[in-house]
Amino acid sequence: MKILCISGSPRGEHSNTFSLAKEAVAGITTAEPGVSVEYIHLGSLRMEFCTGCGSCHRKLLFCPLKDDIAPVLHSMRKAEAIIFASPVYINHVTAQLKVLLDRSSPFIHCQMLTGKYGAALATSGGGPHAMVLDYLKEYLVSCGAQYVGGVSGPMSCFNAMKEEAKALGVDLAKAVKENIAYPDQLSTIEKQREFFKGVISSRKEEWKGEYEYWKEKGWI
(Lines give C-alpha, C1' and ligand atoms only; values in the text may rest on other atoms or scores of the structure.)
Protein backbone atom coordinates (compact mmCIF):
# COMPACT_ATOMS: atom_id res chain seq x y z
CA MET A 1 0.00 0.00 0.00
CA LYS A 2 1.43 3.35 -1.08
CA ILE A 3 0.34 6.44 0.85
CA LEU A 4 1.21 9.97 -0.20
CA CYS A 5 0.92 12.82 2.30
CA ILE A 6 1.09 16.32 0.80
CA SER A 7 1.49 19.19 3.23
CA GLY A 8 0.64 22.67 2.02
CA SER A 9 2.06 24.42 5.06
CA PRO A 10 4.97 26.80 4.47
CA ARG A 11 6.29 25.75 7.90
CA GLY A 12 7.20 22.24 6.76
CA GLU A 13 7.87 19.72 9.52
CA HIS A 14 7.32 22.40 12.16
CA SER A 15 3.70 22.82 11.10
CA ASN A 16 0.80 21.91 13.37
CA THR A 17 -1.02 20.68 10.29
CA PHE A 18 1.83 18.32 9.50
CA SER A 19 1.69 17.02 13.07
CA LEU A 20 -1.97 16.22 12.41
CA ALA A 21 -0.99 14.45 9.20
CA LYS A 22 1.50 12.30 11.10
CA GLU A 23 -1.30 11.21 13.41
CA ALA A 24 -3.31 10.11 10.38
CA VAL A 25 -0.31 8.17 9.10
CA ALA A 26 0.10 6.59 12.54
CA GLY A 27 -3.46 5.34 12.21
CA ILE A 28 -2.67 3.90 8.79
CA THR A 29 0.47 2.11 9.93
CA THR A 30 -1.34 0.72 12.98
CA ALA A 31 -4.06 -0.75 10.79
CA GLU A 32 -1.71 -1.84 8.03
CA PRO A 33 1.94 -2.31 9.11
CA GLY A 34 4.56 -2.11 6.40
CA VAL A 35 2.84 0.49 4.23
CA SER A 36 4.97 2.81 2.12
CA VAL A 37 4.52 6.46 3.08
CA GLU A 38 5.88 9.43 1.13
CA TYR A 39 5.78 12.95 2.59
CA ILE A 40 5.94 16.02 0.39
CA HIS A 41 6.33 19.51 1.86
CA LEU A 42 5.22 21.95 -0.82
CA GLY A 43 6.77 24.85 1.08
CA SER A 44 10.24 23.50 0.29
CA LEU A 45 9.61 23.20 -3.45
CA ARG A 46 10.01 25.66 -6.30
CA MET A 47 6.60 26.04 -7.91
CA GLU A 48 5.43 28.45 -10.59
CA PHE A 49 1.87 29.68 -11.12
CA CYS A 50 -0.18 28.05 -13.88
CA THR A 51 -0.36 30.33 -16.93
CA GLY A 52 -3.29 28.56 -18.61
CA CYS A 53 -1.27 27.84 -21.76
CA GLY A 54 -2.97 24.46 -22.32
CA SER A 55 0.25 22.56 -23.06
CA CYS A 56 -0.64 19.86 -20.52
CA HIS A 57 -3.85 19.10 -22.44
CA ARG A 58 -2.20 18.91 -25.85
CA LYS A 59 0.69 16.72 -24.64
CA LEU A 60 -0.51 15.01 -21.51
CA LEU A 61 0.98 16.56 -18.35
CA PHE A 62 3.71 18.36 -20.31
CA CYS A 63 4.41 21.76 -18.83
CA PRO A 64 6.88 24.36 -20.16
CA LEU A 65 7.43 25.64 -16.61
CA LYS A 66 10.59 24.03 -15.27
CA ASP A 67 10.12 23.61 -11.55
CA ASP A 68 9.39 20.90 -8.97
CA ILE A 69 5.74 20.18 -9.80
CA ALA A 70 6.14 17.21 -12.17
CA PRO A 71 7.59 14.78 -9.57
CA VAL A 72 4.71 15.60 -7.22
CA LEU A 73 2.13 14.84 -9.91
CA HIS A 74 3.99 11.60 -10.64
CA SER A 75 3.80 10.61 -6.97
CA MET A 76 0.08 11.36 -6.93
CA ARG A 77 -0.43 8.98 -9.85
CA LYS A 78 1.58 6.21 -8.18
CA ALA A 79 -0.03 6.41 -4.72
CA GLU A 80 -3.04 4.34 -3.71
CA ALA A 81 -4.19 6.97 -1.24
CA ILE A 82 -3.48 10.68 -0.92
CA ILE A 83 -3.74 12.83 2.20
CA PHE A 84 -3.89 16.59 1.68
CA ALA A 85 -3.03 18.69 4.73
CA SER A 86 -3.30 22.47 4.84
CA PRO A 87 -3.65 25.23 7.40
CA VAL A 88 -6.51 27.59 6.65
CA TYR A 89 -5.34 30.86 5.11
CA ILE A 90 -8.17 33.36 4.65
CA ASN A 91 -10.86 30.66 4.35
CA HIS A 92 -8.93 28.49 1.88
CA VAL A 93 -5.97 26.19 1.38
CA THR A 94 -2.54 27.77 1.33
CA ALA A 95 -1.15 29.32 -1.84
CA GLN A 96 1.38 26.49 -2.04
CA LEU A 97 -1.30 23.81 -2.22
CA LYS A 98 -3.47 25.86 -4.59
CA VAL A 99 -0.55 26.18 -7.02
CA LEU A 100 -0.17 22.39 -7.10
CA LEU A 101 -3.86 21.82 -7.71
CA ASP A 102 -3.99 24.49 -10.42
CA ARG A 103 -1.13 22.74 -12.20
CA SER A 104 -2.98 19.39 -12.20
CA SER A 105 -5.81 20.28 -14.58
CA PRO A 106 -5.47 17.04 -16.65
CA PHE A 107 -6.15 15.08 -13.47
CA ILE A 108 -9.69 16.45 -13.62
CA HIS A 109 -10.16 16.27 -17.41
CA CYS A 110 -8.97 12.65 -17.39
CA GLN A 111 -10.00 11.58 -13.87
CA MET A 112 -6.42 10.45 -13.37
CA LEU A 113 -6.93 9.48 -9.73
CA THR A 114 -9.58 6.88 -10.56
CA GLY A 115 -9.36 3.90 -8.23
CA LYS A 116 -7.56 5.84 -5.53
CA TYR A 117 -8.71 7.13 -2.16
CA GLY A 118 -8.20 10.46 -0.48
CA ALA A 119 -8.53 12.30 2.81
CA ALA A 120 -8.02 15.87 3.97
CA LEU A 121 -6.82 17.68 7.07
CA ALA A 122 -7.09 21.36 7.95
CA THR A 123 -6.22 23.50 10.96
CA SER A 124 -7.23 27.07 11.71
CA GLY A 125 -6.20 29.62 14.27
CA GLY A 126 -9.77 29.80 15.46
CA GLY A 127 -11.87 30.79 12.47
CA PRO A 128 -13.75 28.84 9.78
CA HIS A 129 -12.18 25.61 8.55
CA ALA A 130 -14.80 23.20 7.15
CA MET A 131 -14.77 24.83 3.71
CA VAL A 132 -11.21 23.63 3.16
CA LEU A 133 -12.31 20.02 3.58
CA ASP A 134 -15.23 20.64 1.21
CA TYR A 135 -12.88 22.05 -1.41
CA LEU A 136 -10.38 19.20 -1.16
CA LYS A 137 -13.15 16.60 -1.28
CA GLU A 138 -14.53 18.18 -4.44
CA TYR A 139 -11.07 18.20 -6.01
CA LEU A 140 -10.40 14.54 -5.20
CA VAL A 141 -13.78 13.35 -6.47
CA SER A 142 -13.41 15.48 -9.60
CA CYS A 143 -10.15 13.61 -10.24
CA GLY A 144 -11.90 10.25 -9.87
CA ALA A 145 -10.77 9.42 -6.33
CA GLN A 146 -13.11 8.44 -3.52
CA TYR A 147 -13.00 10.64 -0.43
CA VAL A 148 -12.86 8.74 2.85
CA GLY A 149 -13.16 11.75 5.12
CA GLY A 150 -11.49 14.72 6.71
CA VAL A 151 -10.62 16.34 10.01
CA SER A 152 -10.58 20.08 10.60
CA GLY A 153 -10.82 22.47 13.49
CA PRO A 154 -9.23 25.30 15.48
CA MET A 155 -5.98 24.83 17.34
CA SER A 156 -7.87 25.03 20.63
CA CYS A 157 -9.23 21.56 19.78
CA PHE A 158 -5.93 20.14 18.55
CA ASN A 159 -5.69 17.23 20.99
CA ALA A 160 -9.13 15.98 20.03
CA MET A 161 -8.31 16.48 16.35
CA LYS A 162 -5.23 14.27 16.69
CA GLU A 163 -7.40 11.38 17.83
CA GLU A 164 -9.83 12.00 14.98
CA ALA A 165 -6.95 12.09 12.50
CA LYS A 166 -5.63 8.76 13.76
CA ALA A 167 -9.09 7.22 13.37
CA LEU A 168 -9.29 8.68 9.87
CA GLY A 169 -6.00 6.98 9.03
CA VAL A 170 -7.46 3.64 10.10
CA ASP A 171 -10.50 4.25 7.88
CA LEU A 172 -8.31 5.22 4.94
CA ALA A 173 -6.21 2.08 5.23
CA LYS A 174 -9.37 -0.03 5.42
CA ALA A 175 -10.86 1.65 2.35
CA VAL A 176 -7.76 0.90 0.29
CA LYS A 177 -7.35 -2.66 1.53
CA GLU A 178 -11.02 -3.62 1.13
CA ASN A 179 -11.67 -1.49 -1.97
CA ILE A 180 -14.65 0.12 -0.24
CA ALA A 181 -17.14 1.84 -2.54
CA TYR A 182 -18.87 5.15 -1.83
CA PRO A 183 -21.92 4.96 -4.14
CA ASP A 184 -22.82 8.66 -4.09
CA GLN A 185 -19.28 9.63 -5.02
CA LEU A 186 -19.06 6.97 -7.73
CA SER A 187 -22.29 8.33 -9.20
CA THR A 188 -20.81 11.83 -9.27
CA ILE A 189 -17.63 10.50 -10.89
CA GLU A 190 -19.65 8.77 -13.60
CA LYS A 191 -21.67 11.91 -14.33
CA GLN A 192 -18.51 13.98 -14.61
CA ARG A 193 -16.94 11.39 -16.88
CA GLU A 194 -19.94 11.59 -19.18
CA PHE A 195 -19.64 15.38 -19.23
CA PHE A 196 -15.94 15.37 -20.03
CA LYS A 197 -16.43 12.67 -22.65
CA GLY A 198 -18.25 15.28 -24.71
CA VAL A 199 -15.68 17.96 -23.96
CA ILE A 200 -12.69 15.78 -24.86
CA SER A 201 -14.39 14.46 -28.01
CA SER A 202 -15.17 17.96 -29.23
CA ARG A 203 -11.55 19.05 -28.74
CA LYS A 204 -9.77 15.85 -29.76
CA GLU A 205 -7.64 17.64 -32.36
CA GLU A 206 -6.58 20.35 -29.94
CA TRP A 207 -6.18 18.20 -26.83
CA LYS A 208 -4.57 15.17 -28.46
CA GLY A 209 -2.78 14.02 -25.32
CA GLU A 210 -5.93 13.87 -23.25
CA TYR A 211 -7.92 12.33 -26.09
CA GLU A 212 -5.38 9.51 -26.42
CA TYR A 213 -5.55 8.92 -22.66
CA TRP A 214 -9.31 8.54 -22.88
CA LYS A 215 -8.95 6.11 -25.76
CA GLU A 216 -6.43 4.01 -23.84
CA LYS A 217 -8.85 3.84 -20.92
CA GLY A 218 -11.65 2.72 -23.23
CA TRP A 219 -13.84 5.60 -22.14
CA ILE A 220 -14.31 7.04 -25.60
Undergrad: If we only count heavy atoms from C-beta on, is the Leu73 to Ile69 side-chain gap below 4.5 Å?
TA: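 Side chain of Leu73 against side chain of Ile69, heavy atoms only: contact under 4.5 Å found.
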
Undergrad: With a 4.5 Å limit on heavy-atom distance, are the side chains of Leu140 and Phe84 in contact?
TA: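 When only atoms from C-beta onward are counted, Phe84 and Leu140 do touch, with a gap below 4.5 Å.
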
Undergrad: Kindly check if the number of other-residue, nucleotide or ligand heavy atoms within 6.0 Å of NZ (Lys66) is above 12?
TA: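 More than 12 heavy atoms, drawn from other residues, nucleotides or ligands, come within 6.0 Å of this atom.
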
Undergrad: Could you give the distance from OH (Tyr39) to SG (Cys5), rounded to the nearest 0.5 Å?
TA: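 Here the rounded value is 6.0 Å.
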
Undergrad: Got a sec: does the CZ of Phe49 have more than 12 other heavy atoms crowding it under 6.0 Å?
TA: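 It does not: Phe49 CZ has 12 such atoms or fewer within range.
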
Undergrad: Is any side-chain heavy atom of Leu4 closer than 4.5 Å to one of Ile83?
TA: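 No; the side chains remain at least 4.5 Å from each other.
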
Undergrad: With salt bridge (charged side-chain N to carboxylate O under 4.0 Å, His left out) as the test, would you mind laying out the steps for Arg193 and Glu190 before giving the verdict?
TA: CA-CA 5 Å; Arg193 185 174 299 168; Glu190 286 299 321; 3.5 Å; yes

Undergrad: Can you find a heavy atom in the side chain of Ser55 that is under 4.5 Å from one in the side chain of Pro64?
TA: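 In contact.
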
Undergrad: Does a side-chain heavy-atom distance below 4.5 Å link Met1 with Ile3?
TA: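 Yes - at least one pair of side-chain heavy atoms lies under 4.5 Å apart.
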
Undergrad: Using side chain to side chain contact (heavy atoms under 4.5 Å, CB included), reason through Asn16 and Met155 one step at a time and then give a plain yes or no.
TA: CA-CA 8 Å; Asn16 290 316; Met155 289 308 301; 3.5 Å; yes

Undergrad: Using the benzene-type ring in the case of Trp, are the ring centres of Tyr147 and Tyr117 under 6.0 Å apart?
TA: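 Aromatic pair excluded; centres sit 6.0 Å or further apart.
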
Undergrad: Decide side chain to side chain contact (heavy atoms under 4.5 Å, CB included) for Tyr135 and Val132; before the verdict, give the C-alpha distance in whole Å, the side-chain angles of both, and the deciding distance to 0.1 Å.
TA: CA-CA 5 Å; Tyr135 173 73; Val132 168; 5.7 Å; no

Undergrad: Starting from the C-alpha separation in whole Å, work towards a yes-or-no answer on side chain to side chain contact (heavy atoms under 4.5 Å, CB included) for Thr94 and Val88.
TA: CA-CA 7 Å; Thr94 61; Val88 181; over 6 Å; no

Undergrad: Looking at Lys166 and Glu23, is any side-chain nitrogen of the basic one under 4.0 Å from a carboxylate oxygen of the acidic one?
TA: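 Salt bridge: yes.
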
Undergrad: Might you point out which heavy atoms bring Ser86 and Val93 nearest each other, and give the distance in Å?
TA: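 Reported closest heavy-atom pair: OG-CA, 3.5 Å.
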
Undergrad: Are the side chain of Ser142 and the backbone N or O of Glu138 linked by a donor-acceptor pair below 3.5 Å?
TA: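 Answer holds: yes.
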
Undergrad: With respect to Leu60, which candidate in Met112, Glu212, Lys208 satisfies the side chain to side chain contact (heavy atoms under 4.5 Å, CB included) definition?
TA: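 The option that passes is Met112.
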
Undergrad: Could you check His57, Lys204, Lys59 and say which one makes a side chain to side chain donor-acceptor pair (under 3.5 Å) with Glu210?
TA: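 Among the candidates, only His57 passes.
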
Undergrad: Following the transitive rule for hydrophobic clusters with a side-chain heavy-atom cut-off under 4.5 Å over Ile, Leu, Val, Met, Phe, Trp and Tyr, establish whether Ile108 and Met76 coincide in one cluster.
TA: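 Same cluster: Ile108 reaches Met76 through Ile, Leu, Val, Met, Phe, Trp or Tyr contacts under 4.5 Å.
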
Undergrad: Is there a donor-acceptor pair closer than 3.5 Å between any side-chain N or O of Ser104 and the backbone N or O of Phe107?
TA: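 The answer is no, because no donor-acceptor pair under 3.5 Å joins these two groups.
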
Undergrad: Given 3.5 Å as the limit, does a donor-acceptor pair link the side chain of Lys116 with the main chain of Ala79, or not?
TA: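 Side chain of Lys116 to backbone of Ala79, a donor-acceptor pair under 3.5 Å: yes, one is there.
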
Undergrad: Under 3.5 Å, is there a donor on one side chain and an acceptor on the other for Ser152 and His129?
TA: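 Side chains of Ser152 and His129: pair found under 3.5 Å.
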
Undergrad: Run the side chain to side chain contact (heavy atoms under 4.5 Å, CB included) check on Leu42 and Ile6 step by step: do they pass?
TA: CA-CA 7 Å; Leu42 298 181; Ile6 299 177; 3.8 Å; yes

Undergrad: Using a 3.5 Å distance criterion without hydrogens, assess whether the side chain of Asp68 forms a donor-acceptor pair with backbone atoms of Arg46.
TA: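 Checking the backbone N and O of Arg46 against the side chain of Asp68, a donor-acceptor pair under 3.5 Å is found.
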
Undergrad: Whether the side chain of Ser202 engages the backbone of Gly198 through a donor-acceptor N/O pair (distance < 3.5 Å, no angle test) should be reported.
TA: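 Checked: pair present.
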
Undergrad: side-chain hydrogen bond (donor to acceptor under 3.5 Å, both in side chains) with Thr17: which residues, sequence neighbours excluded?
TA: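 Listed in chain order: Thr123.
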
Undergrad: Can you confirm whether the side chains of Ser201 and Tyr211 place a donor and an acceptor under 3.5 Å from each other?
TA: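 Their side chains do not contain a donor-acceptor pair, so the 3.5 Å distance test is not met.
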
Undergrad: Measure the shortest side-chain to side-chain distance between Phe18 and Ser9 over non-hydrogen atoms and say whether it is less than 4.5 angstrom.
TA: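 Side-chain contact under 4.5 Å: no.
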
Undergrad: So do Asp102 and Lys98 actually touch side chain to side chain, heavy atoms under 4.5 Å?
TA: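 Heavy-atom side-chain distance check passes, below 4.5 Å.
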
Undergrad: Tell me, yes or no, whether the heavy-atom count around Lys162 atom NZ, taken from other residues, nucleotides or ligands under 6.0 Å, exceeds 12.
TA: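 Atom NZ in Lys162 is packed in, count exceeds 12.
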
Undergrad: Run the salt-bridge test on Glu206 and Arg58 with the 4.0 Å N-O cut-off and return the result as yes or no.
TA: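 Salt bridge between Glu206 and Arg58, a charged N being under 4.0 Å from a carboxylate O: no.
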
Undergrad: Is there a donor-acceptor contact under 3.5 Å from the side chain of Gln111 to the main chain of Ile189?
TA: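 At least one qualifying donor-acceptor pair exists.
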
Undergrad: Counting N and O atoms only, with roles assigned by atom type, does the side chain of Arg103 sit under 3.5 Å from a partner on the main chain of Glu48, one being a donor and the other an acceptor?
TA: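 Checked: pair present.
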
Undergrad: Taking the six-membered ring for Trp and the full ring for Phe, Tyr or His, determine whether the centres of Trp207 and His109 are under 6.0 Å apart.
TA: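 Between His109 and Trp207, which both carry aromatic rings, the centre distance is below 6.0 Å.
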
Undergrad: Taking the side chain as every heavy atom from C-beta outward, state whether Leu100 and Val72 have any atom pair closer than 4.5 Å.
TA: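 Yes; the side chains approach each other to less than 4.5 Å.
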
